[in-house]
2 protein chains.
Amino acid sequence: MNQRKKQPLLTRAALLDAAGEEFSRTGYVGTGLGSVTLRAGVTKGGLFHHFPDKRSLAQAWIAERLAPAIAALWHIPLEQAATLDVLKQLCRQRFSELAPGDATSALSALTAESRGSDGLLVAGLEEIFEAWRGALGDFLERGKSAGGIHRSIKPAAEAAFLVALIVGVAVTANSPHNAATRRACLSSLEDYLETLRSQAT
Amino acid sequence: MNQRKKQPLLTRAALLDAAGEEFSRTGYVGTGLGSVTLRAGVTKGGLFHHFPDKRSLAQAWIAERLAPAIAALWHIPLEQAATLDVLKQLCRQRFSELAPGDATSALSALTAESRGSDGLLVAGLEEIFEAWRGALGDFLERGKSAGGIHRSIKPAAEAAFLVALIVGVAVTANSPHNAATRRACLSSLEDYLETLRSQAT
DNA sequence: GGGATTATACCGACCGCAAGGTATGACTTC
DNA sequence: GAAGTCATACCTTGCGGTCGGTATAATCCC
């Protein structure tokens, strides 16, 4: 076994993971560094050795954890797809998994919290949204080329619309308590996606 | 002039207004009672005379200020309408007014923040969403009866969908900086609303 | 109606605590 | 031994909340 006692990469990773857990559940201002260090099994000294301050920790987590998590959930499954059914199936799946603390909800909550106050955090979050909209736009573009998606739609606008909708669902209906609302949104979303389908030739 | 020196109703109102300003801009945990009392021109003693604790202050603000504000923005204009054009015009208007700190953004941010942690605040916020979805559902129902809206739609599901979308826009595109994203969402929203129109006979 | 009494509204100092952050030192690794 | 990695102890600040006191308003009683 590895008998090394100081493994900076692992401690850094543990700190990021612990911070992510806390940020996802209680938001940025709501989480104390004490809970983070406790969860990570590291003390204050260790934390501030790896990150100069709380905001940097959050920024690192956003860039190194949250962004990839969103990509894994929403970009990659669409990477080589071009049909509406793939998107519909993806939404069904992701909506059913939605819960407080997951990546989609965390992204939504962090954005809602940071906007207006913590301008520096917004930058990293905004990048995630840009990438998300880009991936969705590319997907829709491919769908248009392949013929499965109607020619008249504007992929960029439609992507922004879809991202907003998903965020809205993550905010208004991400708890097991309001599963009914989530199902209602999903139902209407599927109807809406059908309107993007190109008329059968 | 009224020379009364103690006007409990006015001070209470001032406290609610001040709390609203702070909650809307920096969220629940992000606002200190010091800023609230300062803005209201009241001291801690006065605050805790009217409200037993911080959470009660927030609850009172949600019920007495935020809920009516949302109603004024989204329910009342639709109260006696039944055509899609009224809804489209309303969305155009409200989207253009969207900014950090307004009622719609505050509702979205507070909900995103409270869910998972402050269960007691969620109750009041949930009521607002219920009323919102109800008002929108009634509107769509009237539209169906009047004939302007397609018969096949499910008003309740569509209402949940629309509320989620608006919240999503308020979270992802409520700052003047991303007006482009907001316009994109609005554009797609209008296209989407058109699909609800009943086929011309 | 007018003074005494009680209840209401508000002030301002203070408390305990947890927050973010720092300084220093000890142990590891190269 | 020098640089890197982490622990311990501590500092300052601001938080939500309390408490004794005071000034104003409503009520009572004659």
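Given the structure is predicted, the values throughout are model-derived calculations rather than measurements. Order of the sequence lines fixes the chain letters, A, B, ..., with proteins taken first and strands second; residue numbering starts at 1 for each chain.
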Please state how far atom CZ in B:R4 lies from atom C1' in D:dT24, giving the value in whole angstrom units.
-> 9 Å
Picking from C:dG20, D:dA7, D:dT5, which would you name as closest to the side chain of A:T43?
-> D:dA7
Nearest atoms (heavy-atom pairs only) where B:F139 meets B:T83 = CZ-O, 3.3 Å
Hey, mind stepping through B:K144 and B:E158 against salt bridge (charged side-chain N to carboxylate O under 4.0 Å, His left out) and telling me if it holds?
-> CA-CA 12 Å; B:K144 283 176 70 173; B:E158 221 69 41; over 6 Å; no
Between D:dG4 and A:H50, is there an OP1 or OP2 to side-chain N/O distance shorter than 4.0 Å?
-> no
For atom OH of A:Y28 and atom C1' of C:dA19, their distance in whole Å = 12 Å
Specify the separation, in whole Å, of atom CZ of A:F51 and atom P of D:dT5.
-> 12 Å
Rounded off to whole Å, could you give me the CG-to-P distance for the B:L38 and D:dG14 pair?
-> 13 Å
Nearest-nucleotide 5' precedence on DNA chain D, B:T31 against A:L47 = A:L47
In this structure, are over 12 heavy atoms from other groups packed under 6.0 Å from B:E127 atom CD?
-> no
Integer-rounded Å distance: C:dC11 C1' and B:K5 NZ | 14 Å
Base of C:dG21 paired with side chain of A:K54 (donor-acceptor, under 3.5 Å) = no
Using atom CG of B:L57 as one end and atom C1' of D:dG17 as the other, report the distance to the nearest whole Å.
-> 13 Å
Any side-chain N or O of B:H49 under 4.0 Å from OP1/OP2 of C:dA9?
-> yes
Describe the nucleic acid contact of A:K6 in one word from base, sugar-phosphate, nothing, applying a heavy-atom distance below 4.0 Å.
-> base
Residue pair B:Q89 / B:R92, side-chain donor-acceptor N/O under 3.5 Å | yes
Taking OP1 and OP2 of C:dC10, is either one under 4.0 Å from a side-chain nitrogen or oxygen of B:T11?
-> yes
Taken to the nearest whole Å, CD/B:E22 to P/D:dG16 is 11 Å
Tell me: CG of A:L9 to P of C:dT29, nearest whole Å?
-> 14 Å
Checking all strands, does A:G32 fall into the base, sugar-phosphate, or nothing category for heavy-atom contacts under 4.0 angstrom?
-> sugar-phosphate
Just by distance, with hydrogens left out, do B:S188 and B:D191 show a side-chain donor and acceptor under 3.5 Å apart?
-> no
From C:dC10, D:dT18, C:dG21, pick the nucleotide closest to the side chain of B:K44?
-> D:dT18
